[in-house]
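Values below: every heavy atom of this structure, side chains too, minus hydrogens, waters and symmetry copies.
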Amino acid sequence: MGTLVDVAAAVILRADGAFLLARRPAGKVYAGYWEFPGGKLEPGEPLEDALARELHEELGIDVVAAAPWVTRVFAYPHATVRLHFFRVFDWRGEPHAKEAQEICWQRPGASLVTPMLPANAPVLASLALPQEYAITSAATIGVEAQLARIDARLAGGLRLLQVREPGLPAAQRAAFAGAVVARAHRAGARVLVNDDAALAEAVGADGVHYRARSLMALGARPAHMLVAASCHSADELDRAMRLELDFALLGPVKPTASHPAARTLGWSGFAALARGASLPVFAIGGLRPDDLDAARRHGAHGLAMITGSWR
């Protein structure tokens with residue numbers, strides 16, 4: 001692999017969801033290609049310091065609030081780079097080009113500027129994931145009540161769901177999953193089915209979500225669908241990364257009604273495990289929507305919730 005070059009990279013996020021890209025100027029490797037702003041670490045420089053320095057030098061802004069997000073290793077012909085991506089939520093100053101580069105704001109899911117650096121393709125796919133992952137609980141609140149709440153949340157902008165429902169009989173679970181997929185797709189949302197790739201395909205779902213035990217036994221990820229998994233330890237999260245899943249859940253962060261005796265990670269434990277992950281990690285376990293800021297500060301992509309999504 002050769003020498004590994006560490007780079008701090010910034011996903012600068014506006015309140016409307018747009019993010020900033022910069023075009024590499026003439027004279028640099030991959031001149032003319034678009035990338036996320038950032039640059040190499042100086043010897044002994046902490047990541048957060050490198051991020052702040054690079055954004056001040058390149059764009060004339062001072063970071064106010066940023067958090068680690070994903071870390072990707074990519075081998076270019078000239079070097080192997082380890083890209084430490086941070087999401088930057090707040091800053092002082094207006095970004096402007098200070099190093100003869102072009103800059104532009106882009107929106108997830110829209111047509112993007114080209115050409116793009118090859119390392120950024122999986123990062124852009126991760127960035128398009130919503131910050132809430134809602135998990136159904138029809139066996140608890142009733143199928144019709146759950147469908148009604150799904151309709152309400154889809155109308156309000158919910159775009160990512162998991163059909164869980166281990167307590168429903170197989171035929172009822174399949175019918176429920178089909179009803180959720182139909183509703184979600186009409187609203188432009190995506191659905192994963194818990195631990196059953198065959199059912200996910202049968203009902204036209206967008207992917208499958210594996211339990212931790214199934215994840216550890218999985219030989220390869222299913223192709224042509226979203227694939228996620230629940231993780232509770234470093235070994236499980238490492239397995240999800242090695243299989244190159246699209247995202248993972250990590251928890252429980254707080255005590256939950258369903259597993260009140262389970263060992264909790266707390267936010268510090270969550271941050272320690274999630275830091276350096278190569279895929280987006282959602283926090284789960286006893287969380288509510290107002291936990292989003294804390295989750296993002298500790299490196300979570302967003303929140304996965306059962307009860308919290310349907311209140």
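Taken from CG in Asp6 to NE2 in His84, the straight-line distance is 3.5 Å, to the nearest 0.5 Å. The NE2 atom of His301 sits 8.5 Å away from atom CZ of Phe247, with the distance rounded to the nearest 0.5 Å. Interatomic distance, CG of Asp49 versus CG of Leu41, reported as 9.0 Å (0.5 Å rounding). For the atom pair NE2 of His232 and OG1 of Thr264, the computed distance is 13.0 Å after rounding to the nearest 0.5 Å. The CG atom of Leu4 lies 4.5 Å from the CZ atom of Arg82; values are rounded to the nearest 0.5 Å. Here the straight-line distance linking atom CD1 of Ile306 with atom CZ of Arg164 works out to 5.0 Å at 0.5 Å rounding.
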Candidate pair Leu51 and Val88, rule side chain to side chain contact (heavy atoms under 4.5 Å, CB included), full reasoning
CA-CA 10 Å; Leu51 181 80; Val88 180; 4.2 Å; yes

Assess whether side chain to side chain contact (heavy atoms under 4.5 Å, CB included) is satisfied between Phe85 and Ser126, documenting all intermediate values.
CA-CA 11 Å; Phe85 284 92; Ser126 296; over 6 Å; no

Checking side chain to side chain contact (heavy atoms under 4.5 Å, CB included) for the pair Leu303/Gln131: CA distance, chi angles, key distance, verdict?
CA-CA 6 Å; Leu303 300 176; Gln131 294 186 78; over 6 Å; no

Using the side chain to side chain contact (heavy atoms under 4.5 Å, CB included) rule, take Asp246 and Arg221 through it: C-alpha gap first, then chi angles, then the decisive distance, then the call.
CA-CA 10 Å; Asp246 295 292; Arg221 60 162 290 161; 3.1 Å; yes

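Atom NE2 of His224 is surrounded by 12 or fewer heavy atoms from other residues, nucleotides or ligands within 6.0 Å. Around the CZ atom of Arg14, the shell of radius 6.0 Å holds more than 12 heavy atoms that belong to other residues, nucleotides or ligands. Atom NZ of Lys40 has 12 or fewer heavy atoms from other residues, nucleotides or ligands within 6.0 Å. Taking a 6.0 Å sphere around CZ of Phe19, one finds it holds more than 12 heavy atoms contributed by other residues, nucleotides or ligands. Atom CD of Glu244 has 12 or fewer neighbouring heavy atoms from other residues, nucleotides or ligands inside a 6.0 Å radius.
Side-chain contact check for Val193 versus Arg173: some heavy-atom pair is nearer than 4.5 Å. Side-chain contact between Asn194 and Pro166 is absent, with no heavy atoms from C-beta onward closer than 4.5 Å. With contacts defined as side-chain heavy-atom distances shorter than 4.5 Å, the pair Glu201/Met225 qualifies. Two residues are said to be in side-chain contact when any heavy atoms from C-beta on lie closer than 4.5 Å; Leu160 and Glu132 fail this criterion. Using a 4.5 Å heavy-atom cutoff, the side chains of Leu59 and Ile12 are in contact. Side-chain contact check for Glu54 versus Pro37: every heavy-atom pair is 4.5 Å or farther apart.
Put simply, the side chain of Glu165 gets close to the backbone of Ala139: a donor and an acceptor are under 3.5 Å apart. In this structure, Asp195 contributes its side chain and Arg211 its backbone to a donor-acceptor pair below 3.5 Å. In terms of modelled atom types and a separation under 3.5 Å, the side chain of Arg153 and the main chain of Ser309 share a donor-acceptor contact. Under a 3.5 Å cut-off, the side chain of Glu236 and the backbone N or O of Leu215 do not form any donor-acceptor pair.
In this structure, Ile135 is not a member of the same hydrophobic cluster as Leu245, with clusters built from ILVMFWY side-chain heavy atoms closer than 4.5 Å. Val81 and Phe36 fall within a single hydrophobic cluster, where Ile, Leu, Val, Met, Phe, Trp and Tyr side chains are chained together by heavy-atom contacts under 4.5 Å. Both Phe176 and Leu154 sit in one connected hydrophobic cluster of ILVMFWY residues. Membership requires side-chain heavy atoms under 4.5 Å apart, directly or through other members. The hydrophobic clustering, which links ILVMFWY residues whose side-chain heavy atoms are closer than 4.5 Å, places Leu192 and Leu243 apart. With hydrophobic clusters built from ILVMFWY side chains whose heavy atoms lie under 4.5 angstrom apart, Phe89 does not share a cluster with Ile61.
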With a 3.5 Å cut-off and sequence neighbours excluded, list the donor-acceptor pairs that the side chains of residues 101-125 form with protein atoms.
from   : atom 1 : to     : atom 2 : distance (Å)
Gln101 : OE1    : Glu99  : N      : 2.8
Gln101 : NE2    : Glu58  : O      : 3.1
Glu102 : OE2    : Arg23  : NH1    : 3.3
Gln106 : OE1    : Val113 : N      : 2.9
Arg107 : NH1    : Asp16  : O      : 3.3
Arg107 : NH2    : Asp16  : OD2    : 2.9

When the side chains of residues 279-293 are checked against the rest of the protein, which donor-acceptor pairs come out under 3.5 Å, sequence neighbours left out?
from   : atom 1 : to     : atom 2 : distance (Å)
Asp291 : OD1    : Lys254 : NZ     : 2.9
Asp291 : OD2    : Arg288 : N      : 2.8

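Comment: Arg24 engages Glu35 in a salt bridge, judged by a side-chain N to carboxylate O separation of less than 4.0 angstrom. Salt-bridge formation is not detected for the pair Asp235/Arg239: no Lys NZ or Arg NE/NH1/NH2 atom is positioned less than 4.0 Å from an Asp or Glu carboxylate oxygen. Ion pairing between Arg275 and Glu48 holds under the 4.0 Å rule for side-chain N and carboxylate O.
The two atoms that bring Leu161 and Ala184 nearest to each other are CD1-CB, 4.2 Å, heavy atoms only. The nearest pair of heavy atoms linking Pro222 to Val208 is CG-CG1, 4.1 Å. In plain terms, the two heavy atoms of Leu273 and Ala234 that are nearest each other are CD2-CB, 3.7 Å. Taking every heavy atom of both residues into account, Ala274 and Leu237 meet most closely at CA-CD2, 4.3 Å. Between Ala200 and Gly207, the closest heavy-atom pair is CB-O, 3.4 Å. Pairing each heavy atom of Leu47 with each of Ala8, the nearest pair is O-CB, 4.1 Å.
None of Arg159, Arg190, His209 except one satisfies the side-chain hydrogen bond (donor to acceptor under 3.5 Å, both in side chains) rule with Tyr133; the exception is His209.
Classification of the Tyr76-His78 ring pair by plane angle, with boundaries at 30° and 60°, yields tilted.
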